[in-house]
Amino acid sequence: MNLPSMKDAKVRTDKKSRVELFEIDKKYQNVGNGKKYYIKTYGCQMNVHDSENIKALLEQMSFKETDNMEDADLILLNTCAIRENAHNKVFGFLGRVKHLKEQKPDIISGICGCMAQEESVVNEIKDKYKWVDIVFGTHNIYNLPKILNDSIIKNDQEIEVFSTEGDIIENIPVKRDSSIKAWINIMYGCDKFCTYCIVPYTRGKQRSREPKYIIDEVNDLVKKGYQEVTLLGQNVNAYGKDLDINYTMSDLLRDVALTNIPRVRFVTSHPWDFNDSMIKVISEYDNIMPYIHLPLQSGSDRILKLMGRRYNKKDYLELFDKLKKSIPNVSITTDIIVGFPGETEEDFKETLDVVNTCKYDSAYTFIFSPRIGTPAEKMKDDVTLEEKNKRLHILNEIVNKYALEANKKYLGKVVPVLIEGNSEKGDMLMGYTDTMKLVNVIGDKKYIGHIVDVEIIDVKTWSMDGKIKN
Ligand code: SAH
Ligand code: SF4
Ligand code: F3S
């Protein structure tokens, strides 16, 4: 048993990550014969992509996927720890799994992802959820075949969570959800330690993948006909800074663009590491999409300092301005936290001021949620929940107003849309513009998987309607 420790998770050493190539041990290849798995994924794209790896590992063990939890022999929850409500959802869902397990005691149940990295969560599972069979952390995914097999053989709870990151494991198999667009990890972990955030503890030290593995992966996707890749990291602009070679995010963006994959995206960009050479590359290559997610978090210098964000309002606005001027037609979205400990009415107004200046294409807004073990958890917080809810509401009204305004500029225009599949809306198709606007499209199914010209005929706050131009 390996239990997580927040103290160990906080430590950063200069130790360089080594690269190891994954290969499944033959003795695990038949463990899942005749069995089905169901996996439920919470959280960010990184977790979604981890689940794609987990699915492929399970299939190498001969498990088959099912969409129906009632039908499964193995149920896995890939969890997120970013805010309290993410936690609550998982514990709520666990109740359903327990109920199923009472009827079918042979079901194997497991928890992985960011909550599995949290000391308090794993202690609770060990003491109060003894029926959960396996718990494995974000650094232990490649070891799933062994963990699962050990749990079956010993018929006991198996917990393997490392709090110190190990080597970078390449060659982990992947079963992608889409055959049109793909997620690619370019780095793991985060060293920014924003004071409210749990991620540096649950994902460990920043480790960049070596460029050749990333480029090989993109080239392989190009061969398979993929239209889009999204380069993933908590702080992609810092890519490469931990590598021995002199190679940064702008080099990677250029080399990925040169593979000629039709669309390149990247998330998330911390404003701190966004440099001019990146901006230059983005504006030079047509297949790097004009879309940037640039989290603000707060517009108040005082709060930004307490958050440990390393920029102030002026720096942020200068960068924003430069992006708008240098990248034609760029759309910019953001993340904002309201109700950070001690946030005054004045601080909140500073945030609204930035929103009114930037007029974001869209924004994800959150109420501050204290995460156990982070510095902000211990900061004095005298703002009532009622007040925080009020601020969130005011902020959302303004965000929505600008989102609609931004969309209105598209009315009557013809824009490129990558058609991804059927829309939830009637018999329409759906896809995204180069600027990451969701469009419901009238057109023939034969266009699925293609980038087509779409005329925008109606706009709403969160989506647009369009028809394919022939
Ligand atoms: N690495 C990204 C953010 C990843 S988390 C970045 O730095 O931009 C996604 C968003 O969740 C954050 O941008 C932040 O707005 C929000 N978030 C993170 N921790 C939070 C917390 N404790 N309470 C509320 N929102 C939080
Ligand atoms: Fe969290 Fe900050 Fe790292 Fe983003 S940059 S993952 S908010 S610590
Ligand atoms: Fe959640 Fe972990 Fe992503 S905490 S947001 S799943 S990195």
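All values derive from a computational prediction rather than experimental measurement. Just so you know, ligand 1 is whichever comes first in the structure, and atom 1 is the first atom listed for that ligand.
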Please indicate whether any nitrogen or oxygen in [X] is less than 3.5 Å from any nitrogen or oxygen in ligand 1.
| X | result |
| --- | --- |
| T268 | no |
| Y196 | yes |
| S269 | no |

Beyond-backbone contact of [X] with [Y], side-chain heavy atoms, under 4.5 angstrom:
| X | Y | result |
| --- | --- | --- |
| T195 | K378 | no |
| D273 | K192 | yes |
| T268 | H293 | yes |

Problem set entry | Under-4.0 Å heavy-atom contact with ligand 1, by part of P295 that carries it |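 Within the 4.0 Å criterion, P295 contacts ligand 1 through side-chain atoms alone.
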
Exercise. Heavy atom under 4.0 Å from ligand 1: found in K192's side chain, backbone, both, or neither?
Worked result: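 Contact part for K192 vs ligand 1: neither.
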
Can you list the ligand 1 atoms lying under 4.0 Å from a non-hydrogen atom of [X]?
| X | result |
| --- | --- |
| R371 | 22 (N) |
| F368 | 23 (N), 24 (C) |
| R309 | 7 (O) |
| R83 | 11 (O), 16 (C), 17 (N), 23 (N), 24 (C), 25 (N), 26 (C) |

Short question: side chain of [X], backbone of [Y] - any donor-acceptor pair under 3.5 Å?
| X | Y | result |
| --- | --- | --- |
| R263 | M289 | no |
| D191 | Q206 | yes |
| E165 | H139 | no |
| D73 | I108 | no |
| E377 | S369 | no |

Exercise. Among the heavy atoms of R309, does any lie under 4.0 Å from an atom of ligand 2?
Worked result: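 In this structure, R309 qualifies as a contact of ligand 2 - some heavy atom is under 4.0 Å.
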
For this session: Kindly indicate, with the supporting measurements, whether the criterion side chain to side chain donor-acceptor pair (under 3.5 Å) is fulfilled by S51 and T41.
Result: CA-CA 7 Å; S51 284; T41 309; 2.7 Å; yes

Of all the non-hydrogen atoms in the protein, which one sits nearest to [atom], and at what distance?
| atom | result |
| --- | --- |
| atom 24 (C) of ligand 1 | I367 O, 3.4 Å |
| atom 21 (C) of ligand 1 | S369 O, 3.6 Å |
| atom 5 (S) of ligand 1 | I82 CD1, 3.5 Å |
| atom 7 (S) of ligand 2 | Y196 OH, 3.4 Å |
| atom 2 (C) of ligand 1 | Q234 O, 3.6 Å |
| atom 14 (C) of ligand 1 | Q297 OE1, 3.4 Å |

With heavy-atom distances below 4.0 Å as the criterion, list the atoms of ligand 2 near [X].
| X | value |
| --- | --- |
| F193 | 8 (S) |
| K192 | 3 (Fe), 5 (S) |
| C190 | 3 (Fe), 5 (S), 6 (S), 8 (S) |
| C194 | 2 (Fe), 5 (S), 7 (S), 8 (S) |
| C197 | 1 (Fe), 6 (S), 7 (S), 8 (S) |
| V199 | 6 (S) |
| H270 | 5 (S) |

Problem set entry | From D335, V236, T365, V338 - option closest to atom 12 (C) of ligand 1 by heavy atom |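 When every heavy atom of D335, V236, T365, V338 is considered, D335 comes closest to atom 12 (C) of ligand 1.
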
Exercise. For Y410 and T435, does a side-chain donor sit closer than 3.5 Å to a side-chain acceptor?
Worked result: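 Checked: Y410/T435 side chains pair up, N/O donor to acceptor below 3.5 Å.
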
Exercise. Hey, are R371 and H87 close enough side-chain-wise for a donor-acceptor pair under 3.5 Å?
Worked result: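 Yes.
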
Does the plane of the ring in [X] sit parallel, tilted or perpendicular to the ring in [Y]? Use 30° and 60° as the thresholds.
| X | Y | result |
| --- | --- | --- |
| Y316 | Y311 | tilted |
| Y38 | F93 | parallel |
| F366 | Y364 | parallel |

Exercise. Would E59 and K55 pass as an ion pair if we require N to O under 4.0 Å?
Worked result: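 Looking at K55 together with E59, the answer is no, because their closest N to O distance does not fall below 4.0 Å.
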
Exercise. If you measure from each non-hydrogen atom of P200 to ligand 2, which part falls under 4.0 Å: side chain, backbone, both or neither?
Worked result: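 The answer is the side chain.
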
Exercise. Quick check, are the ring centers of Y402 and Y360 under 6.0 angstrom apart?
Worked result: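 Distance test on ring centres: not under 6.0 Å, no.
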
Exercise. Below 4.0 Å from any atom of ligand 1, is there a heavy atom belonging to V199?
Worked result: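 The answer is no, since V199 has no heavy atom less than 4.0 Å from ligand 1.
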
Exercise. Does atom CD of E345 have more than 12 heavy-atom neighbours from other groups under 6.0 Å away?
Worked result: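 Yes, CD of E345 has more than 12 neighbouring heavy atoms, counting only those of other groups under 6.0 Å.
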
Problem set entry | Value rounded to 0.5 Å, distance of OH in Y142 from CD1 in I169 |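 Those atoms lie 5.0 Å apart.
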
For this session: Apply salt bridge (charged side-chain N to carboxylate O under 4.0 Å, His left out) to R302 and E346, showing your working.
Result: CA-CA 10 Å; R302 197 180 71 81; E346 214 32 59; over 6 Å; no

Exercise. Protein N/O/S atoms under 2.8 Å of atom 3 (Fe) of ligand 3?
Worked result: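 N, O, S partners closer than 2.8 Å: C44 SG.
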
